[in-house]
There are 2 protein chains.
Amino acid sequence: MAARAGVSRATVSRVVNGDAGVREVLAEKVRKAVDELGYVPNRAARSLVTRRHDAVAVVIAEPETRVFADPFFALQLRGISKELTSRDVQLVLLLTEGRDDHERVGRYLSGGHVDGALVFSLHLDDPLPGIIQGAGVPTVFGGRPGWPEGTVTSPYVDCDNRGGARDAVRHLVSLGRTRIAHITGELDQTSAVDRLDGFRDVLPDAGERFVARGDFTPAGGERAMRELLDRVPDIDAVFAANDLTASGALRVLRERGRRVPEDVAVVGFDDMLAVAEQVDPPLTTVRQDIEEMGRLMARMLLAKGELPAESVVLPTKLVRRGSA
Amino acid sequence: MAARAGVSRATVSRVVNGDAGVREVLAEKVRKAVDELGYVPNRAARSLVTRRHDAVAVVIAEPETRVFADPFFALQLRGISKELTSRDVQLVLLLTEGRDDHERVGRYLSGGHVDGALVFSLHLDDPLPGIIQGAGVPTVFGGRPGWPEGTVTSPYVDCDNRGGARDAVRHLVSLGRTRIAHITGELDQTSAVDRLDGFRDVLPDAGERFVARGDFTPAGGERAMRELLDRVPDIDAVFAANDLTASGALRVLRERGRRVPEDVAVVGFDDMLAVAEQVDPPLTTVRQDIEEMGRLMARMLLAKGELPAESVVLPTKLVRRGSA
DNA sequence: TTGAAAGCGCTAACAA
DNA sequence: TTGTTAGCGCTTTCAA
């Protein structure tokens, strides 16, 4: 390679890495040789000396397959992938299967095989965040970890779940609705808790019977909607914890002969287009830019050290469609 | 490390890699030192000399987010992840976004950063398989690639889509059904084509009006079911290309007042438990062991060279529940 | 059975 | 601005 370009290996290295201080004539020669030989630097050799890996672990801690199947993850992963790709950083995927795996992941991260970790840990009692903190790897969490404020020092990226929920409920209020219910998400996840809190912020006096527990799935939405209709037959609005839940609720409302939005107005959360635009009527919902959250996580991780990384909470936006 | 155990680096290396020919006394000393020091071998240094990477790329070529969100992928990825983890091989995830990315992936794979690739390319006209063949990396495909027989030399792992479909339709026939329809999957994927072929194997005389095009989604299933009922009101059975499609079909059947299975029997495909067991009535469906397919892909890839790797088609099994 | 020594391909410090 | 050199941490001959 160096021979082909008629320069030293050091110069090749400088050109390949875009270091300044190489005469354009030489640089051009090197680039030509690179092209001709299809030269690709050996990551291992580079890593050995730079002590960087140009690799980031994405840890998805989820015993249940269902969650991985949530379009939510897919989108976030897309965002991460795009950002990493553009910086030529490898995405090493770590899926965990129950508690035993946590230790394994901890070991892996401590092992110094990656430059950092992007961690999705959905459940409030998950020990993984703690283990990862202990591993001493730069980490950014996806979604606010369910730990007491201050315990976790790594930053997270989340959307304003509580504020978004408030917007949704306020919108229903502004429509003149007075018997507004909420179908929660899986309440061992902070996003579900935060959305419930937002609901309560606006309607502190809503009774318990206006809140039904869901689990972020359409089936959960159906179940909860039935409960609500049984408990409060004259309900006139529902704020669902996410779009999938809302889609289930819509189905039950139709089945029970309630018109949407005339009889019951429905608002979702996420603005998952594949759901929100497909249901009938199209869903009024709270949009969060999921892919951007993924991107941002990657950017923060790779920028760490340069900037003291604070957690970021992205704004949401109410998107009006037919359902409310 | 070597100092701590009082042996040479060479001996440490032998113990860590499980090479034979080290006295147990020494081996024990080394293991003790490893534990105490929390020693983890440096992958880069190892890779530099062994010219292996202990890393495998998983390439998911899918412009649409939807497909990644399919539980199908999640399960297969789980299987892959388990197998790789147990062998201490890294899973490097490569997501592609449209055609431009294909070249990038090709370059990456040619670059010799991984020991092999597991590739999911869903669409018949996808250029990616060709590019990957050219990259000269050991590859195993997930699902039969939509290329003329013999063009692609890398093996694939798939389930017996055609045979499974035949079983499903034969089951409906054995139930005495005579007006059996099929809702297809996305027909630019081989799995959808094969299942349609299986349907036609058993019912070569079924007219075109008994076949409605779906796309593997519940919404597609609903649409197709409506079409079918409009075209053939006295239909008495439906074989849906997958469980999600079947769930959509069930919804429409209920909406139109058809009883399942009394009026219309329904069979799905996949045995996605989250769907098949949840719908009402529970779905009779064709089971494929998706996670095992993922496992097998990884195993084949890592065994290549040792065995001449032939493609593997796993058997399916009809699972009877309430819908047929 | 063990150790000494070479060297994998690269970058970074230093010298020219 | 460029080249020379040392060395990253491991495995793998080869010799003892």
Side-chain angles (χ1 to χ4, degrees), chain A residues 1-55 87-90 107-115 137 305, chain B residues 1-55 87-90 107-115 137 305:
Chain A
M1 177 58 219
R4 172 63 158 263
V7 299
S8 73
R9 300 173 347 150
T11 299
V12 172
S13 174
R14 286 191 266 257
V15 173
V16 168
N17 293 302
D19 293 7
V22 178
R23 268 185 309 155
E24 188 49 37
V25 224
L26 281 197
E28 194 45 54
K29 262 193 209 161
V30 172
R31 278 191 288 266
K32 186 150 162 280
V34 165
D35 269 5
E36 286 172 7
L37 273 56
Y39 167 80
V40 179
N42 182 315
R43 289 180 99 102
R46 173 183 285 168
S47 171
L48 193 54
V49 40
T50 61
R51 288 151 181 299
R52 283 193 335 256
H53 300 89
D54 295 320
R87 297 168 180 246
D88 203 27
V89 171
Q90 284 183 340
R107 267 202 313 276
Y108 179 85
L109 294 180
S110 309
H113 305 302
V114 290
D115 302 322
V137 186
Chain B
M1 179 57 219
R4 171 62 157 264
V7 299
S8 72
R9 300 170 353 147
T11 299
V12 173
S13 173
R14 288 190 264 256
V15 174
V16 168
N17 293 302
D19 293 8
V22 178
R23 267 184 310 155
E24 187 50 35
V25 222
L26 281 197
E28 195 44 55
K29 263 194 208 161
V30 171
R31 279 191 287 264
K32 186 151 162 280
V34 164
D35 268 5
E36 287 171 8
L37 274 56
Y39 168 80
V40 180
N42 181 316
R43 288 180 100 102
R46 173 183 287 169
S47 170
L48 193 54
V49 40
T50 60
R51 285 150 183 300
R52 283 192 338 256
H53 300 88
D54 295 320
R87 297 167 179 246
D88 203 29
V89 172
Q90 285 183 339
R107 267 202 313 276
Y108 179 84
L109 294 180
S110 309
H113 306 302
V114 290
D115 301 322
V137 186

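Just so we're on the same page: letters track the sequence lines, and every chain starts at 1. Note that this is a predicted model, so its numbers are computed, not measured.
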* Structure fact -> Reading nucleotides 11-16 of chain D from 5' to 3' and marking B where a protein heavy atom lies under 4.0 Å of the base, S where only the sugar-phosphate is that close, and - otherwise, the string is BB----

* Contact summary for A:D88 and A:D54, nearest pair of heavy atoms -> O-CB, 4.0 Å

* Non-neighbouring partners of B:H113 that pass ring pair (Phe, Tyr, Trp, His ring centres under 6.0 Å), sequence neighbours left out -> B:Y108

* Taking 4.0 angstrom as the limit, do B:E24 and B:R31 come out as a salt bridge? -> yes

* Structure fact -> A:N42 atom CG is separated from C:dC8 atom P, nearest whole Å, by 12 Å

* To do: Rounded to the nearest angstrom, tell me the gap between atom CZ in A:R43 and atom P in D:dC8.
  => 23 Å

All N/O donor-acceptor pairs, side-chain side in residues 10-20 of chain B, below 3.5 Å, sequence neighbours left out:
unit_1 : atom_1 : unit_2 : atom_2 : d
B:T11  : OG1    : B:S8   : OG     : 3.2
B:S13  : OG     : B:N17  : ND2    : 3.4
B:N17  : OD1    : B:R46  : NH2    : 3.3
B:N17  : ND2    : B:S13  : O      : 2.9

* Asked: Within the structure, does a side-chain N or O atom of B:R23 lie under 4.0 Å from either OP1 or OP2 of C:dT2?
  -> yes

* What are the two closest non-hydrogen atoms of A:H53 and A:D115, and how far apart are they? -> N-OD1, 2.8 Å

* Starting at CG of A:L48 and ending at P of C:dC8, how long is that distance when rounded to a whole Å? -> 13 Å

* To do: Take atom CD of A:E28 and atom P of D:dT1, then tell me their distance rounded to the nearest Å.
  => 17 Å

* Asked: Got a second to check how far A:S47's OG is from B:L48's CG, nearest 0.5 Å?
  -> 10.0 Å

